[in-house]
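This report concerns only the one structure given below.
Both backbone and side-chain heavy atoms feed into the values below; hydrogens, waters and symmetry mates do not.
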Amino acid sequence: MRLFRYYPEDFGALTVKVVHMDLTFDVYDDHTRVVSALTAETLDAPLASLALNARDLDILEVACDGHAVASTYNRGAATLTVTFDPPVPPRTRFTLNTETICRPSSHVLEGLYYDGSCPAGSPVQITQCQQWGFQRLVPCLDDMTAKCTYTTAIIADDGYTNILSNGDPGGPRYSLGPGRSVQEYRNTTTPMAPYLFFLGVGCYDTCRREFEYPDGRTFTLELLAKPGSDPTAAERALEILADAVMWVHLFTGPEQYRNRETRQEIWRLTRVRDAAKRTGDQKTLAGTREALTGLLATVTPGYAYTGSVYREIAMQNSDFGGMENVGNTTIAANRIMPYPEATDPAFEYMVRVKVHEYYHNLNGSEVTGRSPFEIWLNEAVTVHIENQHHAFFFGEAYSRLQTVLDLLDPGAGTLVLDRGAGSMPIEPDGFDDPNDLITGVTYVKAPEFVRMIETLTGKETFAEGLALYHDRFRHANASRDDWIRCMEEVSGEDFSRMAAVWLKEKEYPVVTVTPSYEPAARRFTLTYRQSRSPGGRLWEFPFRFALVDADGQEIAERIIRVKDEEGEVVLDGVDRPAYLSLNRGHSFYGKVVYRPPEDELYLQAMKDADIVGRFTAFNALAGREMLRLLEDPDAAVSGRIIDLCAGLLADDHLMEEAGGQFLTIFPAVDDERFAHHYRALYDARKKILAAVGARHTDTLLSVYRRAAARVRGGAGYLEDEARAIRRRQRRNACLEILAACDTPEVHRLIAGQFREAAAATDRLAAFGLILESSAPERLDILRAFCAESAKSPVAWESFLAVVAGSDCDDLVEILRRIESSPAFTVEQAGEQRALYGRFALNRKRSLETEEGRAYLAEVLRRLARVNEYSTVRALDAFAFIDAMEPRHRAPAAGVLADLLASLDPDAHPAVYNNARRFLLGAPAAVRAYEAEHGAIPALRGPAP
């Protein structure tokens, strides 16, 4: 029985070497005529036939220069088979010519699709080729190893302001006749995998900026925004992009940790130089350039862009927030600029996506994985660099804590989903659609694997290994074994066994530790035991821990490589620690089991110099308190945890370093009796917040006002924004705690922030709290804010997400009204994620209420026919239905059973197979459902 549609053996070596594609796209509103000349070279054997990928195309002509050919098109299999008579001899180049027609879609966000319209009415059309969208444009070998050069000519309506493809312009745009013009591009420096191809015709506001490297080399940065966009925001966006490009050049590469102070000075001087260019200060300009020349002689920089133009293009509709396309990065229009309506998380995403997609020019484009099974390698290394860039601007403590919160989040965090029924390994055994591989496992767990390798090699050695990988496989494809071998070569370490488990197994290690201390010998011993993988194998990982005294000073710190099932670490000549700081910096992807006395946890939560250790101590205390309240619902909240929460919020140094995110109290406990009782967990958390608000009202109000005060900037735009974000987090953490009291006085405070807030985050935070309150004006505010938000796509998406994730008894009724509004567009992927995806993960409402389940069932059936990717992500809500309260299991299984009964498995394989896997992973819920309703047919027959 095949559980997946595609397996590794489906990706063999190509029978030819692809050399070049010469393409002409004649673009019209409802179709595009494509003329292709595909040049390839046979290998060591004659070539009798060649199967090209061709999905949903009209085939007009197939020919080959110097060879007689016949062709057969199997539309169902998406294959155009070309037969050569006689066969093409070995080691011979040939050019296959095709003429075809492709048609844009309004909801299949792959290949060529509509992305809004120009002011005059012509449709904007863009492509999305990851992973197999190129075959929707032209017959091709749509394989990651089919890297070749391209020349592209695009013929389109004169009314389009921009006609785009990969590479440098082959000259100016020129007229072809009445109403039609041509733009040519040459992508001939770096061979490109077909999934990176881009074509776009549309109307944009274009903002440009010259980028100058420290050595004087220049190229152009362009931002293509939707018509009518704020030019100031566009200039800010280009400033952030320019910072990312310069940061990659100065702070990545094989020697990035050498001459760090010199690199910082070069960084500073480039900003001075660029300011002088803007103001025309020739004296300063000459001086800084001279100084830069001298400093550059002492450092080896990292990657430098090879093209003449690098663009970011706003896409209104996409399954992805961003997509690298060799010189033409598409970014969700709502995330491409620092809009006034954008929230702080959206701003941080914008910063991250810019450097992420730019770095893909090196890692992913110049060096490409061999098959979709290596997507994780392209992404994990790139996310690792993205995280370093984020830490540079937002602070190491803040940035790492943000990642750890993503790991630990009980709703959609990677650790919890990695143990769910739908989890797959980093490198899975198979998949149904390449989009199945675009998950938290790829973007969070896999980068943590990369980070563990870095910890074991050391940062300097890791940088050398990564540079070796990029040099050795430049303009080629690489496997994960290639990457591992580069790391082994520079470090002298063996990572093969470590990689075999981490990449091919689900879940993660759980490490149980037991400390002991011998006062007479001043000897400390830490005994550990790790859990095995689901396949029974041992994990290998770095484990960083420290002994800390009562003042928060380190007595000793160690990093060990755990590879055995159990072991011990002995430290001689050390004082007795006041507490242990374990898994510092979250050194390994997994969990530690250790139950110290509460006194030790309270001391650590107040004193630990490691921000992750400090937070995990606080998180453990909050979890213990929640478990106590779950076991005894009538119990009062402990005064000690109440005072700790208020004290941490009042700690100015902590809040400036880590932000208000430090006060995250998850609705979660480790005890499996309650771990997936969503309503009970939510209520216990709210009880803690209400107790803190009631006891420390004055302190919270004081901190709230202090965090709202303006701060002076000057470090730089991004650095100043990072500080403001941390302060807003602190302010809104105070407001959420006060809101739990749900009093008229608090209602006035929240309403005041909602009406007066200058930042979108502050306003949305207040709105969400009003919606969940008993404030008499809540529905009036909802209606007015809905109408206001609908005027802006950026504000609308944020509004939808806040409402869908809220907790109010009339939530489903509110969502139905919003859904029926003219402002809501079900075909828009961003709106799908915000409304449907967020509601699905709001399990206390979507799975634990009858009306929520009924609504979710309707949504899934409807959404599956519009966007499989969004539907599959919404299915994550069902990861733990066997661990829910027994009364909810059968109804939750019924939602999936009904979905399967409504789907054609061939038409919607990703949704069908994922829903089936979730049910197969919930045997108790299935038994309960089938006892009442009969067998689920999809679980009895073979998988499609």
So which atom in [X] and which in [Y] form the shortest heavy-atom distance, rounded to 0.1 Å?
{"X": "Ala760", "Y": "Ala342", "result": "CB-O, 3.4 Å"}
{"X": "Asn325", "Y": "Met323", "result": "ND2-O, 2.9 Å"}
{"X": "Pro214", "Y": "Leu250", "result": "CG-CD2, 4.2 Å"}

Does [X] use its side chain to pair, donor to acceptor, with the backbone of [Y] at less than 3.5 Å?
{"X": "Asn166", "Y": "Leu196", "answer": "yes"}
{"X": "Gln183", "Y": "Gly171", "answer": "yes"}
{"X": "Arg833", "Y": "Asp319", "answer": "yes"}
{"X": "Asp762", "Y": "Ala757", "answer": "no"}
{"X": "Asn363", "Y": "Asn378", "answer": "yes"}
{"X": "Ser399", "Y": "Glu396", "answer": "no"}
{"X": "Tyr305", "Y": "Val309", "answer": "yes"}
{"X": "Gln729", "Y": "Gly660", "answer": "yes"}
{"X": "Arg400", "Y": "His586", "answer": "yes"}
{"X": "Glu656", "Y": "His653", "answer": "no"}

Quiz prompt | Pairs touching residues 283-307 that satisfy salt bridge (Lys or Arg N to Asp or Glu O under 4.0 Å), sequence neighbours left out | solution =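 Passing the test, one end in residues 283-307: Glu212-Arg289.
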Side-chain ion pair, [X] and [Y], N-O less than 4.0 Å:
{"X": "Arg763", "Y": "Glu788", "value": "yes"}
{"X": "Lys354", "Y": "Asp243", "value": "no"}
{"X": "Lys226", "Y": "Asp115", "value": "yes"}
{"X": "Glu341", "Y": "Lys791", "value": "no"}

Exercise. I would like to know whether Ser229 and Tyr204 meet side chain to side chain donor-acceptor pair (under 3.5 Å); could you show each step before the answer?
Key: CA-CA 9 Å; Ser229 294; Tyr204 301 92; over 6 Å; no
Quiz item: Side-chain contact, heavy-atom cut-off 4.5 Å: Arg730 with Asp652?
Solution: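 Counting from C-beta outward, Arg730 and Asp652 do come under 4.5 Å.
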Practice problem: Could you tell me whether the side chain of His360 reaches within less than 4.5 Å of the side chain of Val326, counting heavy atoms only? | Solution: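 Contact flag for Val326/His360 side chains = no.
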Practice problem: Using the six-membered ring wherever Trp is involved, compare the ring planes of Phe347 and Tyr717 and label them parallel, tilted or perpendicular (cut-offs 30° and 60°). | Solution: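 Because their plane-to-plane angle is over 60°, the rings of Phe347 and Tyr717 count as perpendicular.
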Self-check item: Aromatic ring pairing Phe211/Phe219, orientation class (parallel under 30°, perpendicular over 60°, tilted between)
Solution: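 Answer is tilted, since the angle falls between 30° and 60°.
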Practice problem: Rounded to the nearest 0.5 Å, what's the gap from CZ on Arg260 to CZ on Arg258? Could you check? | Solution: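 So the gap between those two atoms works out to 13.0 Å.
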Quiz prompt | Centroid-centroid distance, Phe767 to Phe799, less than 6.0 Å | solution =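 Yes: the rings meet the under 6.0 Å criterion.
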Self-check item: Aromatic ring proximity, centroids under 6.0 angstrom, Phe462 and His384
Solution: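 When the ring centroids of His384 and Phe462 are compared, they turn out to be within the sub-6.0 Å range.
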Practice problem: For side chain to side chain donor-acceptor pair (under 3.5 Å), just list the numbers for Tyr359 and Glu324, CA-CA rounded to whole Å, side-chain angles, deciding distance to a tenth of an Å, and then say yes or no. | Solution: CA-CA 9 Å; Tyr359 190 74; Glu324 75 281 10; over 6 Å; no
Exercise. Go through the structure and list residues passing side chain to side chain donor-acceptor pair (under 3.5 Å) with Glu265, not counting sequence neighbours.
Key: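 If we apply the side chain to side chain donor-acceptor pair (under 3.5 Å) test to Glu265, skipping adjacent residues, the hits are Arg268.
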Quiz item: Under 3.5 Å, is there a donor-acceptor pair linking the side chains of Glu379 and His356?
Solution: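 Yes, His356 and Glu379 have a side-chain donor paired with an acceptor closer than 3.5 Å.
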Quiz item: Step by step, would you call Trp796 with Tyr339 a ring-ring contact (aromatic ring centres under 6.0 Å, His included)?
Solution: CA-CA 13 Å; Trp796 181 240; Tyr339 300 98; over 10 Å; no
